[in-house]
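Here is the structure we will look at.
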Amino acid sequence: MIEKTYQPAEVESRIYSAWEAAGAFRCGQGGRREAEPYSIVIPPPNVTGSLHMGHALNNTLQDILVRFERMRGKDVLWQPGTDHAGIATQMVVERQLMEKQLPGRREMGREAFISRVWEWKEQSGGTITRQLRRLGASCDWSRERFTMDEGLSRAVRKVFVELYRAGLIYKDKRLVNWDVRFLTAISDLEVQQVEVKGELYYFKYPIEGLGEAFITVATTRPETMLGDTAVAVHPEDERYRDLVGKYAILPLVGRRIPIVADEISDPEKGTGAVKITPAHDFGDFEVGRRHHLPLVSVLDREGRMILRENPDFLDRVPPSAELERTLALHGLDRFEARRRVVARLQELGLVEKIEPHVHMVPHADRSGEVVEPFLTDQWYVDAKQLATMAMAAVRSGRTEFVPKQWEATFFNWMENIQPWCISRQIWWGHQIPAWYGPDDKTFVAETEDEALAEALAWYVVHDVLTREEADAIAADPERRAQFLTRDPDVLDTWFSSALWPFSTLGWPDETPELARYYPTSVLVTGFDIIFFWVARMMMMGLHFMKEVPFRTVYIHALVRDEKGAKMSKSKGNVMDPLDLIDRYGADALRFTLAAMAAQGRDIKLSTARVEGYRNFATKLWNAARFAEINGCVTVPSFAPTTARETLNRWIAHETALAAREITEALEAFKFNEAAGAAYRFVWNIYCDWYLELAKPILAGPDGPAKTETRAMVAWARDQILKLLHPFMPFITEELWAVTAPRSAGQPGSTRESLLIVARWPSFEGLEDNAAEAEIGWVIDLVSAIRSVRTEINVPPAAQIPLVLVAAVPETRTRAARWADFIKRLARLSDIAFAEGAPAQAVQIVVRGEVAALPLAGVVDLAAERARLDKELAKVDSDIARADAKLARPDFLERAPEEVIEGEREKREAAQARRAKILEALERLQGAG
RNA sequence: GGGCGCGUAGCUCAGCGGGAGAGCACUACGUUGACAUCGUAGGGGUCGCUGGUUCGAUCCCAGCCGCGCCCACCA
């Protein structure tokens, strides 16, 4: 017996275990080794993460595709795993140490700290994957990977070494985006431009040799002026032409700085003269290179002023008396230093003005601190070269974005791609496989042994060491360990993510999985990581595999709250998917997300919507109960195409239509259309009409019609379970089990397989549309009667007679055949036939014929006349519109034939209907 | 400054060249043995504005008005 109500919480975990126990998620299962492969790699969630609504959407869509293709018989691999998430994870563990009042990271040392992180990972790293299971994700967990596991780490080292040897990875000293909180370099992508209300300061720099004359520069960062090494004006700016080549004297410092002509200066902006601080501004850095300016750093890695022990500062510029006075700046935070510099310049009368100024200020993603451009040595990937192939792959269609417009975004970024800074000054991550010799010579290799061998060989060849000395070092463990120093930095987390589509399949080994599942079929992800991840996977995949990592990139929207605001903890508008799963079931959440996943628009999620789809699940549940109560059991040998009953032929055809619609929508990644089609079919076709029309048969005497109908009800229900399974895996699998036909004395399911691996419905039966004329007529008739009953206030319980007027023989046959049904659904007492309509009757036109409801004493004649007048007006306007069209020569000449024909047909139908309405009006006249 | 997108029923959104749709909300009625997490019926929209293309425009094009997002070293 099917339970009275569906209990998601009870069912979901049990069903999920059953899938896992059956090995249903595993690739290559069930004789599918010969089948077409279908693979998706999961966007690996942070190991520190917990499931948020974005994950829920992302993984629901992947799971829908994966379940759909699995049911279509493909050999499916959904490759799961997690990301080590460098900074995020390091932060979590450091915070934990603090909370437990244990020694901090630096005190415990690198090795101890890293093993602490691993411990944390073992204990807590499984949260997110457990939560994915609750959502129903059918990943092949037997293949779960972690970006820091041994295999993937090996892939990372190999990639690094090969790119280094190909000259595509190099070390460079230049400005980087520096996070002053986490004390690490970050990439351009980890920087957010934030609009800040600040001030624009106009400073007067005296000009050497021109007495009281000065040049005014505008700046938003006064504290960096101590590091100025030039003033730039535009080469064509008449105002300053004479000053180019002269020197300004930098206030407070006394440094002579040249006034140079450079295009960077915009005559429209500020004063047209701009101070140049090559060590603290990306633009100025370039100017510095062009004009061979010295780089003067005045900030340390924590964003504090560093003047005293700063060789960059003191060696090049003899401290002036003024500078000595400003030495109080040393060690000050940059923002405090800013206030003091401004104050001092004001005292000196060198501040022309200060204006309020709104501008974009770069902030570090993670820490939220203002990013400091900082001069350091870092490792870079030459992305430009790699980008060329990636762009070509998208241009040629080897990888396709869906929706298409994201390709523009992709190209736009790729065309302007900058070197990718991949080194991070943190501990948790893939340590860079680079070692330095005694003279700082760099050796890059996959292992320390290889690096050492390479280094010793190099020093021998270059006569730094003799062969004997080298051998001695190699032989002595102590000296070996001391000879090289490993680069302490680790790689950007996205570096290992970029390898995900092939590293998870076993690369660099030539595994069968790599051969079979690469390139993957589709990547499902949000637009926010097109640059971070998609582009980089494209570059790495093409370089190392010589083939794109995925055929299709499906870009989905952002999930927002019901008002359209981005969900964030600080706003307190976060909806927790696990909470929704608890309240409504995973299926309801999944269906909601799918139904709302229209391409190109963000999802505004509301609980009302989830509730609505929970109701849908309930509806399905009850429909299955109805089938069971009425003895509708799957008949394995039943072939729907052989059905004899019109009603059954009709639902078979409707089922095929729905199957086709859902299949085509899923093939085109139109999740909302697929969900909508399934919803309409189940509720508005199967439940509202088919089951209702089947009731009299099921309640009637036993016989072939009843037997067939029972089989068909069960068959259609089974098709529904299949069609709905990708969206609502739990409830459908549960119903699949509980509705299984029983074999005597045998416990358990007699289904051939779990639903998850059942065959996806075909479209067979589409060609037979004959039943529609009959069932459609019944539906129209019932609907029309119901509508009229409400309109003229017939009490719902009242049973009234129906008279079919001047019915053609076919109608008479149909009416006779469907009398029980129609009477039941339209609440009629009797169906009769007559050549003319009875007096005092409500008359409706159904598919060209008049049906009358004699309602002497019940019907309000005036109301009825008004109703018919309204209908007449409607039909008249229809005719008029068609006439107007058909009267235009242009239309007849230029419109396609089928459109013209359609218009004629519409007109004829309207005319016929009009005639019937007129007759009805006349009769009413006579009656009144 | 560049690029992308959005303005359709009270709300959330589909549709996107041939007579305006769904869900929710709303109104009325209804516990007929699957389902009140339900059923039946109903009200509600000059499809942002202005032009253009077309036999025909909510749909294509241009401009404008609102709104959002992404990218960009500008003082």
Side-chain angles (χ1 to χ4, degrees), chain A residues 2 4-6 175 188 193 200-202 217-221 232 264-266 269-277 281-287 357 359-360 362 373 403 405-406 408-409 411-413 416 527-528 530-531 558 562-564 566 584 588 592 595-596 598 600-606 608-609 611-630 670 672-673 676 679-680 687-688 691-692 695 699 783 786-791 793 795-797 824-827 877-878 881-882 885 888-896 898-900 902-903 906:
Chain A
I2 301 181
K4 174 98 176 140
T5 52
Y6 174 59
L175 286 187
D188 298 345
Q193 302 292 335
L200 186 58
Y201 303 87
Y202 291 76
V217 296
T219 182
T220 54
R221 299 208 54 192
I264 195 178
S265 177
D266 180 348
K269 293 260 169 69
T271 60
V274 61
K275 72 194 232 0
I276 300 299
T277 323
D281 181 280
F282 289 101
D284 293 1
F285 182 80
E286 297 303 322
V287 179
H357 184 63
H359 60 141
M360 302 297 273
Q405 65 258 28
W406 289 109
T409 306
F411 285 131
N412 186 40
W413 188 70
N416 301 301
F527 62 84
D528 47 332
I530 290 178
F531 307 143
L558 226 57
E562 51 195 317
K563 294 189 205 86
K566 212 165 170 171
Y584 302 106
T592 307
M596 299 188 77
R601 193 192 283 253
D602 285 345
I603 294 175
K604 290 184 196 165
L605 190 63
S606 69
R609 234 16 223 270
E611 206 177 309
Y613 291 118
R614 185 272 319 267
N615 295 353
F616 175 58
T618 306
K619 185 77 181 176
L620 174 69
W621 186 260
N622 282 308
R625 282 184 64 221
F626 170 80
E628 184 187 57
I629 288 163
N630 286 281
K670 297 188 173 173
N672 60 319
E673 286 181 18
Y679 183 96
R680 284 190 301 274
C687 291
D688 287 352
L691 292 185
E692 290 303 325
K695 276 177 183 175
S783 300
R786 280 172 170 172
S787 186
V788 154
R789 285 180 64 118
T790 307
E791 218 168 321
N793 286 321
R824 176 194 175 94
L825 294 180
R827 301 201 58 73
S877 86
D878 287 351
R881 185 176 321 204
K885 274 196 174 182
R888 266 202 312 266
D890 282 346
F891 177 71
L892 295 174
E893 278 166 33
R894 310 205 182 191
E898 69 259 26
V899 172
I900 297 171
E903 212 58 41
K906 270 189 243 164

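All values below were derived from every heavy atom in this structure, side-chain atoms included, with hydrogens, water molecules and symmetry-related copies excluded. Proteins come first, then strands; the chains are lettered A, B, ... in the order of their sequence lines, and each starts at number 1.
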What does A:S877 touch in the nucleic acid at a heavy-atom separation under 4.0 angstrom: a base, only the sugar-phosphate, or nothing?
-> base

Hits for side-chain contact (heavy atoms from CB on, under 4.5 Å) against A:A623, two or more places apart or cross-chain, chain-then-number order -> A:Y686, A:C687, A:L691

Sequence neighbours excluded, the answer for side chain to side chain donor-acceptor pair (under 3.5 Å) partners of A:D528 is none

B/S/- along nucleotides 30-41 of chain B (protein heavy atoms under 4.0 Å) is S-B-BB-BSSSS

Closest heavy-atom contact between A:M596 and A:I603?
-> O-CG1, 3.4 Å

For atom C1', what is the distance between B:A57 and B:G18, given to the nearest Å?
-> 10 Å

Expressed as a whole number of Å, how far does the C1' atom of B:A14 sit from that of B:A22?
-> 7 Å

Set of residues satisfying side chain to side chain donor-acceptor pair (under 3.5 Å) with respect to A:D188, sequence neighbours excluded | A:N177

Determine the interatomic distance between P on B:G42 and the same-named atom on B:A34; round to the nearest Å.
-> 25 Å

What is the nucleic acid contact for A:L200, judged by heavy atoms within less than 4.0 Å: base, sugar-phosphate only, or nothing?
-> sugar-phosphate

Write down the distance separating the P atoms in B:C55 and B:C47, rounded off to the nearest Å.
-> 23 Å

Take the protein atom CD of A:E673 and the nucleotide atom C1' of B:G21, then report the distance between them rounded to whole Å.
-> 13 Å

Indicate, with a heavy-atom threshold strictly under 4.0 Å, whether A:D528 touches base, sugar-phosphate, or nothing.
-> nothing

Do the side chains of A:I530 and A:W406 get nearer than 4.5 Å, heavy atoms only?
-> yes

Got more than 12 heavy atoms from elsewhere within 6.0 Å of NZ, A:K670?
-> no

Report all interatomic pairs (protein N or O, nucleotide N or O of nucleotides 59-62 of chain B) with separations under 3.5 Å.
none

Contacts of A:D284 that satisfy side-chain contact (heavy atoms from CB on, under 4.5 Å) - sequence neighbours left out = A:I264, A:I276, A:T277, A:D281

Report the distance from atom CG of A:N672 to atom P of B:G21, rounded to the nearest whole Å.
-> 19 Å

Interatomic distance, A:N416 CG vs B:C71 P [rounded to whole Å] | 13 Å

A:R786: what forms a side chain to side chain donor-acceptor pair (under 3.5 Å) with it, not counting sequence neighbours?
-> none

Base, sugar-phosphate, or nothing: which does A:S265 touch, judged by heavy atoms less than 4.0 Å apart?
-> base

Determine the interatomic distance between P on B:C61 and the same-named atom on B:G7; round to the nearest Å.
-> 14 Å

A:F531 side-chain proximity, nearest of B:A14, B:C70, B:G23 | B:C70

Expressed as a whole number of Å, how far does the C1' atom of B:G39 sit from that of B:G33?
-> 14 Å

Please work out if A:R609 contacts a base, only the sugar-phosphate, or nothing of the nucleic acid, heavy-atom cut-off 4.0 Å.
-> base

Hey, does A:T219 reach any base, or is it just sugar-phosphate, or nothing, if we go heavy atoms under 4.0 Å?
-> sugar-phosphate

Quick one: side-chain hydrogen bond (donor to acceptor under 3.5 Å, both in side chains) pairs with a partner in residues 615-625 of chain A, sequence neighbours left out?
-> A:N622-A:R625

Position toward the 5' end of RNA chain B (nearest nucleotide), A:G283 or A:K906 | A:K906

Quick one: does A:L200's side chain get under 4.5 Å of A:T220's, heavy atoms only?
-> yes

Rounded to whole angstrom, note down the P distance from B:G5 over to B:G23.
-> 30 Å

Check the distance between B:C74's C1' and A:K269's NZ and give it to me in whole angstrom.
-> 6 Å

A:Q193 CD to B:G2 C1', in whole Å, measures 15 Å

Report all interatomic pairs (protein N or O, nucleotide N or O of nucleotides 53-58 of chain B) with separations under 3.5 Å.
residue : atom : partner : partner atom : Å
B:C55   : OP1  : A:R894  : NE           : 3.0
B:C55   : OP1  : A:R894  : NH1          : 2.1
B:C55   : O2'  : A:R888  : NE           : 3.1

Any residue meeting side chain to side chain donor-acceptor pair (under 3.5 Å) with A:N672, in chain and number order, not counting sequence neighbours | none

Quick one: label A:K275 by what it contacts on the DNA or RNA (base, sugar-phosphate, nothing), any heavy atom closer than 4.0 Å.
-> nothing

A:Y613/A:Y584 aromatic ring centres below 6.0 Å = no

Under the side-chain contact (heavy atoms from CB on, under 4.5 Å) rule, collect the residues that match up with A:P889, sequence neighbours excluded.
-> A:E893

Strand RNA chain B in bracket notation, Watson-Crick/G-U under 3.5 Å with | for pairs to another chain | ((((((((.[[[[.)..(..]]]].(((((.......))))).....[[[[[..)....]]]]])))))))....

